[in-house]
2 protein chains.
Amino acid sequence: MLAKPSIKRSANTGIADEPSELRMTRQRREVYRVLLAQRDHPTAYDVFMRVKDGLPHISLATVYNCLEALVEHDLVRQVNFDREPSRYCPNLEEHGHFHDRDTGVIHDVKFKPGIKLADVLDLPHGAVIQDVEINLRGQLSLA
Amino acid sequence: MLAKPSIKRSANTGIADEPSELRMTRQRREVYRVLLAQRDHPTAYDVFMRVKDGLPHISLATVYNCLEALVEHDLVRQVNFDREPSRYCPNLEEHGHFHDRDTGVIHDVKFKPGIKLADVLDLPHGAVIQDVEINLRGQLSLA
DNA sequence: CCGATAGCAAGAACTATTCTAAATTCACGC
DNA sequence: GCGTGAATTTAGAATAGTTCTTGCTATCGG
């Protein structure tokens, strides 16, 4: 997602389509805290296990709900490699992901300074990009 | 996948790790033909429906097997948007995909001439890229 | 405090995909 | 042409990550 963070904002104005604010419940706060605390791109299940330390009664479904809410409100990005379980990333800067086949670790990959995606891609005429996903797979040669 | 096409090649030399050639069965040929005939990034199920015209008794599992074999041998690329059903693309040039939210159509997106991914990304030191996936979502403004 | 709305929990349901086991096909040497 | 072993196909069962349903609970505005 391109950054458009929104946490608690002004009260609803009554205008129909206004995106609603995210209510920060105990569960959502804990899920978000867990994501910030250890930025290793955990799966929903990983998050579930970590959140249980603070909220032993939380259910996996709630973790999914919370992650969805956080993603929807652009506090967190969902990262998908092929059809593996989704992973979650609190880094909101535009960046890609490098999956190391040897270790399984996913590294954030930034653009070189000054580079914009639209500068390097031949986009369809009139294309308005709402979402960018760049996923790399490979290995870290030790040489 | 980075291009490394291999269809029928020379007979096996006896060397252990040589990647084996792809045996072109009726089913695989038909699946491949269908992908080349209509390059609209069909799902496995779409392919299944199309292949049935020529091979009415083919099973969905076989279509999955064939697609996997074709992907494995770099004749076809698998395209994943989030966790939606995988789509299949016979375009082997390095390119990305733009998913139009309004129509659902997926467009191929080429790099501007002369641009290499490594030129624009800050890769981890020593990273060897085996596979690149660039997925965009947005709309085609009619203006 | 009251009613309405949003969120939570537990488990069932869903669905794209993979696996299993048995039957078929194929390449190849004879 | 024909047997043989390996690869492939098939149909259906199984899997797994995720989403849905239902009833309960918390929260908010008034």
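Chain A is the first sequence line, chain B the second, and so forth, proteins listed ahead of strands; every chain is numbered from 1.
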Checking the side chain of R101(A) only, and the main-chain atoms of Q139(A) only, is there a donor and an acceptor separated by less than 3.5 Å? no
Tell me, which of residues 38-51 of chain A have any heavy atom that sits under 4.0 Å from an atom in DNA chain C? none
P85(A) side-chain proximity, nearest of dT9(D), dA10(C), dG17(D): dG17(D)
Can you tell me if the side-chain N/O atoms of R83(B) get under 4.0 Å from OP1 or OP2 in dG17(D)? no
Taking dG7(C), dT10(D), dT18(D) as options, the one with an atom nearest any side-chain atom of S59(B) is dT10(D)
Under 6.0 Å between ring centres: does that hold for H41(A) and H97(A)? yes
Is the closest side-chain donor-acceptor distance between D46(B) and T43(B) under 3.5 Å? yes
Which part of the nucleic acid, if any, lies within reach of N65(B) when heavy atoms closer than 4.0 Å are counted: base, sugar-phosphate only, or nothing? base
Using a cut-off of 4.0 Å on non-hydrogen atoms, how would the nucleic acid contact of T25(A) be classed: base, sugar-phosphate, or nothing? sugar-phosphate
Which comes earlier along DNA chain C counting from the 5' end, the contact point of R87(B) or that of R26(B), where each point is its nearest nucleotide? R87(B)
Separation of dT8(D) P from E21(B) CD (nearest whole Å): 10 Å
Cluster check I134(A), V79(A): I/L/V/M/F/W/Y, side chain < 4.5 angstrom: no
Side chain of Y64(B) - closest among dA16(C), dA7(D), dG17(D): dA16(C)
Run the salt bridge (Lys or Arg N to Asp or Glu O under 4.0 Å) test against R137(A) and tell me which residues pass, sequence neighbours left out. D82(A), E84(A)
How is Q27(A) classified with respect to the nucleic acid when contacts are heavy atoms under 4.0 Å: base, sugar-phosphate, or nothing? sugar-phosphate
For residues S86(B) and Q78(B), is any side-chain donor paired with an opposing acceptor at under 3.5 Å? yes
Can you measure L60(A) atom CG to dA16(D) atom P for me and round it to whole angstrom units? 14 Å
Quick check for you: among dG12(D), dT18(D), dA27(C), whose closest atom lies nearest to any side-chain atom of A61(B)? dG12(D)
Residues V76(A) and L92(A): closest non-hydrogen pair is N-CD2, 4.0 Å
Distance, rounded to the nearest Å, where E84(A) contributes CD and dT18(D) contributes P: 11 Å
Rounded to the Å, how far apart are L22(B) CG and dC26(C) C1'? 14 Å
Please confirm whether the shortest side-chain N or O distance from T62(B) to OP1 or OP2 of dT10(D) is below 4.0 Å. yes
Among the candidates dA10(C), dT17(C), dT8(D), find the nucleotide nearest to the side-chain atoms of R28(B). dT8(D)
